[in-house]
Student: 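Attaching a single structure in structure tokens format; questions to follow.
Computed from heavy atoms alone, side chains included, the values below leave out hydrogens, waters and symmetry copies. Numbers restart at 1 for each chain; the letters A, B, ... are given by sequence-line order, proteins then strands.
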Amino acid sequence: MAQDDVFKKLVAHCKEYGYVFPSSEIYDGLSAVYDYGQYGVELKNNIKKYWWDSMVLLNENIVGIDSAIFMHPTIWKASGHVDAFNDPLIDNKDSKKRYRADVLIEEHMAKIEDKILKEVAKAHERFGESFDEKKFRETNPRVLASQAKLDEVYSRFSKAMNDTDLEGLRQIILDTEIVCPLSGTRNWTDVRQFNLMFSTEMGSTSEGASKIYLRPETAQGIFVNFLNVQKTGRMKVPFGIAQIGKAFRNEIVARQFIFRMREFEQMEMQFFVQPGSELDWFRRWKETRMKWHRALGFGDDNYRFHDHTKLAHYANAATDIEYKFPFGFKEVEGIHSRTDYDLKQHQSFSGKKMQYFDPEKGESYIPYVIETSIGVDRMFLQVVSAALQDEEIKKEDGTTDTRTVLRLPSFLAPVKLAVMPLVKKDGLPDIAQKIVSDLKFDFNCQYDDKDSIGRRYRRQDAIGTPYCITIDHQTAADNTVTIRYRDSMKQERVRTEELKNIIFEKVSIASLLKKL
RNA sequence: GCGGGAGUAGCUCAGUUGGUAGAGCAUUAGCCUUCCAAGCUAAGGGUCGCGGAUUCGAGCUCCGUCUCCCGCUCCA
């Protein structure tokens, strides 16, 4: 099957079986927003629990928090999001290429600057030792003209940027005759501002409401609580703070189903370490996180690291864990060595000391940070695309049949077991109902007596239920039932009273966590 | 945002040169009882993405619009 078809089938399966629905579907949907359905929410919660427990339960030096989505607006100035997420963009209509308007103008100014410098260098060569650069710059007509032009563009540019005057920026591009490097034309669209942060207003508008942002990442909620957690939790470096929560980005292009959404959920852990030890911790977290992914058993070769060669301004090392999606290897998790950038920024913007007194070293410092950041929705998509399979089955009469089966790890499966009477008579439904009412406090159970037993098994396969309990006539006689396994389709007969322990052993998160 | 493709029942689709909407599967109820989907009977479900135009009449023609999919950029 072509990759596109595999992906389409995955999206259709998610919708058809109650995993993921387009948001606001009866109103034609909302672009790049999705809702999780009755099974999707269970799977998502289980993924979150797997992550949370592997962080907070297994590591005594990692604790969790849940910070608010609304935060003080200055936080986003300190983090750099206000500047970085506010790019004025312009398109060239001929090449269809998009540029940052400010970058185009800055590049143009650099060119003029370059021209002046060349002129100066040429003169320098000609006059030799006696060359007076200041005088030359003040008298040479070509340099003067270029300098005047540069000064004018610069003053217009900084004014336009300060006033966020988009039309002004466009006018500069037109007046200075900047052309598209690709098409060489000056056929530009309007300059548009793409603010990647959603904003809203807090307080009643009549009394002067202040503009606040929906957080574009959860990390800052951790950084601004660094002191609170360190002090009240008596945390000693190295230690980590974990958080799961929603984040919002007004993406220009949001696509590929739930891979890139405007509202998404992150699982982030910021690990605070001694300066100088960060690259060592970076390597350790790389390994730890990879192990976490591979423990799900979807095939080690389907994961790889993608080390960044171009680093963000705050990072001194960064890598992605990529998974082989139907549409290629794509990032699921990012691991970044963020230095002390964030805490330092908050220290300077808030005026509060973001330092840690290290009793072992006997000195104070701003800790360095290793961040592990994973998108819940991406992880969800990764799990479903790994688990969803069309399986060829040879039937007894020699023909083949396809079985659609969602091979979710038992712990992640939304429904743990389905209990079904073989036939709808002879009191078998009553026995089955009794078993459900005994087990429903411990596991997500389903009862089903509609249609033939084979069809019921297939229904459970499609939603990923790992175990089916079947009640047959022998049950009434000797109080045993069969467990049918989703992956092998094999059956095993067990005593009814042992069911709870047997299932518990199989679906417990401990069996997953013990692999780490 | 720009270019290309698509939108008819929960799903997969059919619907002739414009004449008032169909199939299979699924769902629900009943019958039958059979350990790996597709036995029988019946029922429910669609203002054909939305809005407008042309026409006596539009699922079909035209315009607009929304959404989804594929490319171009960024990221979790």
Student: Could you tell me whether the side-chain ring of A/Y457 sits stacked on the base of B/A37, using a centroid cut-off under 5.5 Å and a plane angle under 30°?
Tutor: no

Student: Name the pairing partner of B/C74, where a pair is Watson-Crick or G-U wobble with both distances under 3.5 Å, or state none.
Tutor: none

Student: For a quick check, tell me whether the side chain of A/R249 and the base of B/C75 share a donor-acceptor pair closer than 3.5 Å.
Tutor: no

Student: Are A/K286 and A/D307 ion-paired here, with the side-chain N under 4.0 Å from a carboxylate O?
Tutor: yes

Student: Specify the separation, in whole Å, of atom NE2 of A/H308 and atom C1' of B/A76.
Tutor: 11 Å

Student: Would A/W281 and A/Y368 satisfy ring-ring contact (aromatic ring centres under 6.0 Å, His included), going step by step from the backbone distance to the final call?
Tutor: CA-CA 10 Å; A/W281 280 108; A/Y368 271 46; over 10 Å; no

Student: A/S373 has a side chain; which of B/A76, B/A37, B/C36 sits nearest to it?
Tutor: B/A76

Student: What's the gap between B/G15 and B/G51 when it is taken at their P atoms, as a whole Å value?
Tutor: 25 Å

Student: How far does the C1' atom of B/A53 sit from the matching atom of B/A43, given to the nearest Å?
Tutor: 40 Å

Student: Salt-bridged, A/D301 to A/K324, with N to O below 4.0 Å?
Tutor: no

Student: In this structure, how many angstroms lie between the C1' atom of B/U28 and the CG atom of A/D449, rounded?
Tutor: 13 Å

Student: Quick one: which of B/C11, B/C75, B/U27 gets closest to the side chain of A/D451?
Tutor: B/U27

Student: Considering Watson-Crick and G-U wobble pairs with both distances under 3.5 Å, what does B/C36 pair with?
Tutor: none

Student: Under the side chain to side chain contact (heavy atoms under 4.5 Å, CB included) test against A/Q460, which residue among A/T465, A/L406, A/L417, A/V405 passes?
Tutor: A/T465

Student: For A/G375 and A/T482, find the nucleotide of RNA chain B closest to each by heavy atoms; which residue's nucleotide sits nearer the 5' end?
Tutor: A/T482

Student: How far, in whole Å, is B/A23 from B/C36 if one measures between their P atoms?
Tutor: 32 Å

Student: Checking contacts here: which listed nucleotide (B/A38, B/U33, B/C35) is nearest the side-chain heavy atoms of A/V423?
Tutor: B/U33

Student: For B/G71 versus B/G30, give the span between their P atoms, rounded off to a whole number of Å.
Tutor: 49 Å

Student: Using whole Å, what does the distance between atom P of nucleotide B/C36 and atom NZ of A/K490 come to?
Tutor: 14 Å

Student: Quick one: A/Y17 OH to B/C25 C1', roughly how many Å, whole number?
Tutor: 10 Å

Student: Rounded off to whole Å, could you give me the CG-to-P distance for the A/D448 and B/C35 pair?
Tutor: 16 Å

Student: For nucleotides B/G22 and B/U65, find the distance between their P atoms and express it as a whole number of Å.
Tutor: 34 Å

Student: In whole Å, measure the gap between the C1' atoms of B/A42 and B/U61 for me.
Tutor: 41 Å

Student: For A/R458 and B/A37, is the shortest distance between a side-chain N/O and OP1 or OP2 below 4.0 Å?
Tutor: yes

Student: Could you measure between the two P atoms, the one in B/A14 and the one in B/G3, and give it in whole Å?
Tutor: 28 Å

Student: Which listed nucleotide (B/U33, B/C36, B/C35) is nearest to the side chain of A/K424?
Tutor: B/U33

Student: Distance to the ring centre below 6.0 angstrom and angle to the axis at most 45 degrees; does that hold for A/K44 and A/Y19?
Tutor: no

Student: Once you round it to whole Å, what is the distance between C1' of B/C75 and NE2 of A/H81?
Tutor: 10 Å

Student: Who is the Watson-Crick or G-U wobble partner of B/A23, with both distances under 3.5 Å?
Tutor: B/U12

Student: Is there a side-chain contact between A/S452 and the phosphate of B/A38, meaning an N or O under 4.0 Å from OP1 or OP2?
Tutor: yes

Student: Quick one: A/I453 CD1 to B/C32 P, roughly how many Å, whole number?
Tutor: 18 Å

Student: Need one value for A/V332: base, sugar-phosphate or nothing, where a base atom within 4.0 Å counts as base even if backbone is also close, heavy atoms only.
Tutor: sugar-phosphate

Student: State the pairing partner of B/G7; accept Watson-Crick or G-U wobble contacts with both distances under 3.5 Å, and report none otherwise.
Tutor: B/C66

Student: Per the atom types in the model, does the base of B/C35 pair as donor or acceptor with the side chain of A/D472 at under 3.5 Å?
Tutor: yes

Student: Applying the Watson-Crick and G-U wobble criteria at under 3.5 Å, what pairs with B/A29? Answer none if nothing qualifies.
Tutor: B/U41

Student: So, does the side chain of A/Q491 form a donor-acceptor pair with the base of B/C35 at under 3.5 Å?
Tutor: yes

Student: Give one of base, sugar-phosphate or nothing for A/Y34, where a contact means two heavy atoms less than 4.0 Å apart.
Tutor: sugar-phosphate

Student: May I ask you to say what A/K15 touches in the nucleic acid, namely base, sugar-phosphate or nothing, with a heavy-atom cut-off under 4.0 Å?
Tutor: sugar-phosphate

Student: Before you tell me yes or no, could you show the steps for A/F248 and A/F264 under ring-ring contact (aromatic ring centres under 6.0 Å, His included), namely the whole-Å CA-CA distance, both residues' side-chain angles and the distance that decides it to 0.1 Å?
Tutor: CA-CA 6 Å; A/F248 306 83; A/F264 60 104; 7.8 Å; no

Student: Check each of A/H81, A/Q345, A/H346, A/E268 against A/Q220 using the side chain to side chain donor-acceptor pair (under 3.5 Å) test, and report the only one that passes.
Tutor: A/H346

Student: If I take atom CZ in residue A/R403 and atom P in nucleotide B/C36, what distance separates them, rounded to the nearest angstrom?
Tutor: 13 Å

Student: When you measure only distances, ignoring hydrogens and angles, does the side chain of A/R459 come within 3.5 Å of the base of B/C36 through a donor and an acceptor?
Tutor: no

Student: Across the strands shown, which category fits A/I374 at heavy-atom distances under 4.0 angstrom: base, sugar-phosphate, nothing?
Tutor: nothing

Student: A/D461 and salt bridge (Lys or Arg N to Asp or Glu O under 4.0 Å): which partner among A/R456, A/R407, A/R484?
Tutor: A/R484

Student: Counting only Watson-Crick pairs (N1-N3 plus N6-O4 or O6-N4) and G-U wobbles (N1-O2, O6-N3), all under 3.5 Å, who is the partner of B/U61?
Tutor: B/A53

Student: Taking the P atom of each, how far is B/C11 from B/C50, in whole Å?
Tutor: 15 Å

Student: Does A/R493 or A/G334 map to a spot on RNA chain B nearer the 5' end, using the closest nucleotide for each?
Tutor: A/R493

Student: A/R260 side chain: which of B/C35, B/C75, B/U33 is closest?
Tutor: B/C75

